**Q** 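Here's a structure for you.
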There are 2 protein chains.
Amino acid sequence: MNANPKSLKREILSSIRKALLELGNATKAELSDKLEISFPTISKFLLQMEKDGEIRSVGLDESSGGRRAKRYAYNPEHMLGLAVFLEKTETNYTIFNCMGEVKEQGKAPSVLVDSGINLLTKFIEEIMATNSSKIHSIAIGVPGSVDNGKIFYMPGYEEYHDFDIKGYYEDYFSIPVVVENDMNAAILGFNYNNRMKDDQSLIYLYFGHNGPGAGFMINGDVVRGKTFFAGEVSFVPQYSERNFGQALENGSRINEEAGSKDYQIDPISRLVASFTAIINPHTVIFCNDEIEKEMLNKITIGSSKYIPAEHLPELTISDWKKDYLYGLQKLCLDFMIMNNDI
Amino acid sequence: MNANPKSLKREILSSIRKALLELGNATKAELSDKLEISFPTISKFLLQMEKDGEIRSVGLDESSGGRRAKRYAYNPEHMLGLAVFLEKTETNYTIFNCMGEVKEQGKAPSVLVDSGINLLTKFIEEIMATNSSKIHSIAIGVPGSVDNGKIFYMPGYEEYHDFDIKGYYEDYFSIPVVVENDMNAAILGFNYNNRMKDDQSLIYLYFGHNGPGAGFMINGDVVRGKTFFAGEVSFVPQYSERNFGQALENGSRINEEAGSKDYQIDPISRLVASFTAIINPHTVIFCNDEIEKEMLNKITIGSSKYIPAEHLPELTISDWKKDYLYGLQKLCLDFMIMNNDI
DNA sequence: ATCACTTATTAAAGTGATTTAATAAGTCTA
DNA sequence: TAGACTTATTAAATCACTTTAATAAGTGAT
């Protein structure tokens, strides 16, 4: 619980930031109206923000009969964010501004090697050195389970287990750090990017090289589960003798030479049916490098054998990598907007 | 967004209420400490609350070396809540205080008859008449899908569809009203009653006379789904040719005379496995009039054929009716504590 | 019993947001 | 181009919580 004037100030500041970024630009009156905060208060905050270079006046409105109103816009370059995503084969990073515009991006060999955290630290340090003061938060994406900034489980990298990356780097760089699982970041990114309502239920489904998995967002929250096992859909029992993972594999061996993926339709349809009967999501997202549009129609038809069609989720295809990046950006932005001194 | 001094006041008041009810009793210093609100502010609020009869002094603490501190407790009788649950065969109601103590309860014939809402209105009106001013909020439980106080779907009672009960009665009685589906209320009740953490994922599973169903709470939120279809688990495909509903029924016909329920073990085990692979819940709750303890063990063993045992949820048995009632009470209490004039 | 000490409570000054009134900067009409 | 009107901004007064200082009420030792 935190109910005091200081928190009010923070609350107001971040709500102004959010509104300005969302609207693109606004007058004081518009902000006061939208945020239900009094005009003088808005005025005072904007004055300070303009002094700090956080916002800029972008001219006067046309008169609506009286004095023309000044219009303000957020200065996108005032704060930058850094997103780093660690993968087995390489490490990518992007630096972006509040509008989501990428200012710089690059690639490096994987830092996920035995030597532990040092390589990653050095990597971030170098990036920070050149962009110094402007970076206000860091988001790190990892291929493993994350519990509140602490790596809980990352297959193949046991030396990272139980390491509190978030805490470590927040101490080290003195800026907010957020760490998230790749799949969960992708879901957040998809949700953000497609401007969906906040309380949607989404499922991001991938088949991958090491077996299928899924990321879940329910009522706008990422689902991790009791033992971070949520999304291990290959274990879903589907046929008398096979689970989802086996049905995909088994089929693939039989149809190896045919080149057709039709054998996957029924297992996926059953999985979609199970999702619907259990959590009835709004959307199920597939990865663009794994599945074709035509396939989706077949799955829709397949699922409707198990569930009345009106309850089925919308099936869409999206760019996983892009969503992942957007997700990390979104996490960063939230921190930049919310968390702030003064 | 709401960031102004008025909301601060409300926030403080409800946090004091919450803390006092949670702790049972407290001194001003304890409240100030716990809530991170300054002593003078706490003092001012408590003074007013004591004047209003909302709290009472319950004596002085033993001295810890200096002046003895006054200890305050919430007056449970200050506000009462009314929970009404509508069923096909009858209508139950209870009146209870902030501590959850039932002050009065009763039963009436079902109001779910063709004549629409009038019977229910009259029923509540009579209860309100005798307990007049003390009832500060009403919770109504219904056997159907509810969307923000509006009945979305209630099988067999199409005349209620799209009727905004919440809005109607809030206008009529001028106190907060909350309407919730029976299963969802039961989950809230179980969660509340067992003092679980707020962000748990629970599943309440019932088999019922008209086929099985489930209620879901994920990360502390009730799950309704895109078309309020969440929890219709009988549609989950489980065997090559049968879904969960069919597996339960089919088995029952075969084993009709044997009296054994063992045929249910594998379907239920598979369902629990599906839950685990998808959302990895903390607990799955069964109804005490439908299943025995011994059965649970068999299901646990059965599920572990499909999923590594460490990821499986805890299986428990609970009193559905009681949880349902507690859930409605909890909803009422939340409204009483939060929503309040002044 | 008095004094030193501890803790609870009350009082006064300070900070921050709101409300209301006053002022400034425009537009439009006569 | 002056006056009426509209709308944006600034200023003053008010309300609410916090911080800090002062006071009250009790305990225990000398």
Side-chain angles (χ1 to χ4, degrees), chain A residues 1-17 19-20 23 25-52 55-73 340-342, chain B residues 1-17 19-20 23 25-52 55-73 340-342:
Chain A
M1 179 53 54
N2 208 0
N4 59 42
K6 284 265 169 59
S7 68
L8 235 187
K9 201 168 176 178
R10 253 203 311 284
E11 187 82 6
I12 289 174
L13 189 57
S14 60
S15 72
I16 292 177
R17 285 201 183 109
L20 270 176
L23 298 169
N25 56 60
T27 66
K28 291 178 180 175
E30 282 168 9
L31 287 173
S32 170
D33 229 50
K34 180 179 161 72
L35 302 174
E36 295 180 0
I37 295 169
S38 71
F39 190 96
T41 302
I42 295 284
S43 203
K44 201 183 65 181
F45 275 87
L46 289 199
L47 189 71
Q48 185 59 45
M49 289 167 87
E50 196 173 14
K51 266 189 197 145
D52 295 344
I55 58 169
R56 270 200 293 248
S57 169
V58 290
L60 301 168
D61 266 22
E62 285 305 295
S63 168
S64 55
R67 177 173 172 174
R68 297 165 69 185
K70 251 188 181 172
R71 188 159 282 278
Y72 296 86
N340 215 280
D341 24 62
I342 290 177
Chain B
M1 178 54 53
N2 209 2
N4 59 44
K6 284 265 171 61
S7 69
L8 237 187
K9 204 167 175 179
R10 253 203 311 283
E11 189 80 6
I12 289 174
L13 188 58
S14 61
S15 73
I16 292 177
R17 286 202 182 109
L20 270 177
L23 299 170
N25 56 60
T27 66
K28 290 178 179 175
E30 283 168 8
L31 288 174
S32 170
D33 230 51
K34 180 179 161 73
L35 302 175
E36 296 182 359
I37 294 170
S38 74
F39 190 96
T41 302
I42 296 283
S43 204
K44 199 182 68 179
F45 275 88
L46 290 198
L47 189 71
Q48 185 59 45
M49 288 167 88
E50 196 173 14
K51 267 190 197 146
D52 295 345
I55 58 170
R56 270 199 292 249
S57 169
V58 291
L60 301 168
D61 267 21
E62 285 305 295
S63 168
S64 54
R67 176 172 173 175
R68 297 166 69 187
K70 251 188 181 171
R71 189 159 281 280
Y72 296 87
N340 215 279
D341 24 63
I342 289 179

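We use all heavy atoms of the structure for the numbers below, so side chains are in, but hydrogens, waters and symmetry mates are not. In this text the structure is predicted, and so the values were computed from the model without any measurement.
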**Q** Please report the distance, rounded to the nearest Å, between CD in B:Gln48 and P in D:dC17.
**A** 12 Å
**Q** Quick one: side chain to side chain donor-acceptor pair (under 3.5 Å) partners of B:Thr27, sequence neighbours excluded?
**A** none
**Q** If C:dT7 has a Watson-Crick or G-U wobble mate with both distances under 3.5 Å, name it; if not, just say none.
**A** D:dA24
**Q** Roughly, in whole Å, what's the span from CD1 in A:Ile37 to C1' in C:dG16?
**A** 13 Å
**Q** Can you list everything that forms a salt bridge (charged side-chain N to carboxylate O under 4.0 Å, His left out) with B:Asp61? Sequence neighbours excluded, please.
**A** B:Arg71
**Q** Roughly how far apart are B:Arg56 CZ and B:Asn25 CG, rounded to 0.5 Å?
**A** 12.5 Å
**Q** Let's go through A:Leu31 and A:Leu46 carefully: what are the C-alpha distance in whole Å and the side-chain angles of both, what is the deciding distance for side-chain contact (heavy atoms from CB on, under 4.5 Å) to 0.1 Å, and is it a yes or a no?
**A** CA-CA 10 Å; A:Leu31 287 173; A:Leu46 289 199; 4.0 Å; yes
**Q** How many Å lie between CG on A:Leu13 and C1' on C:dG16, as a whole number?
**A** 14 Å
**Q** D:dC17 P sits how many Å from B:Arg10 CZ, rounded?
**A** 12 Å
**Q** Under 4.0 Å between a side-chain N/O of A:Thr41 and OP1 or OP2 of C:dA17, yes or no?
**A** no
**Q** Nucleotide by nucleotide, 5' to 3', does protein get under 4.0 Å of the base (B), only the sugar-phosphate (S), or neither (-) in nucleotides 6-16 of chain D, counting heavy atoms?
**A** BBBBBB----S
**Q** In chain order, what residues pass the side chain to side chain donor-acceptor pair (under 3.5 Å) check against B:Ser57, with sequence neighbours excluded?
**A** none
**Q** Under the rule for side chain to side chain contact (heavy atoms under 4.5 Å, CB included), what residues qualify as partners of A:Ser32, not counting sequence neighbours?
**A** A:Phe39, A:Ile42
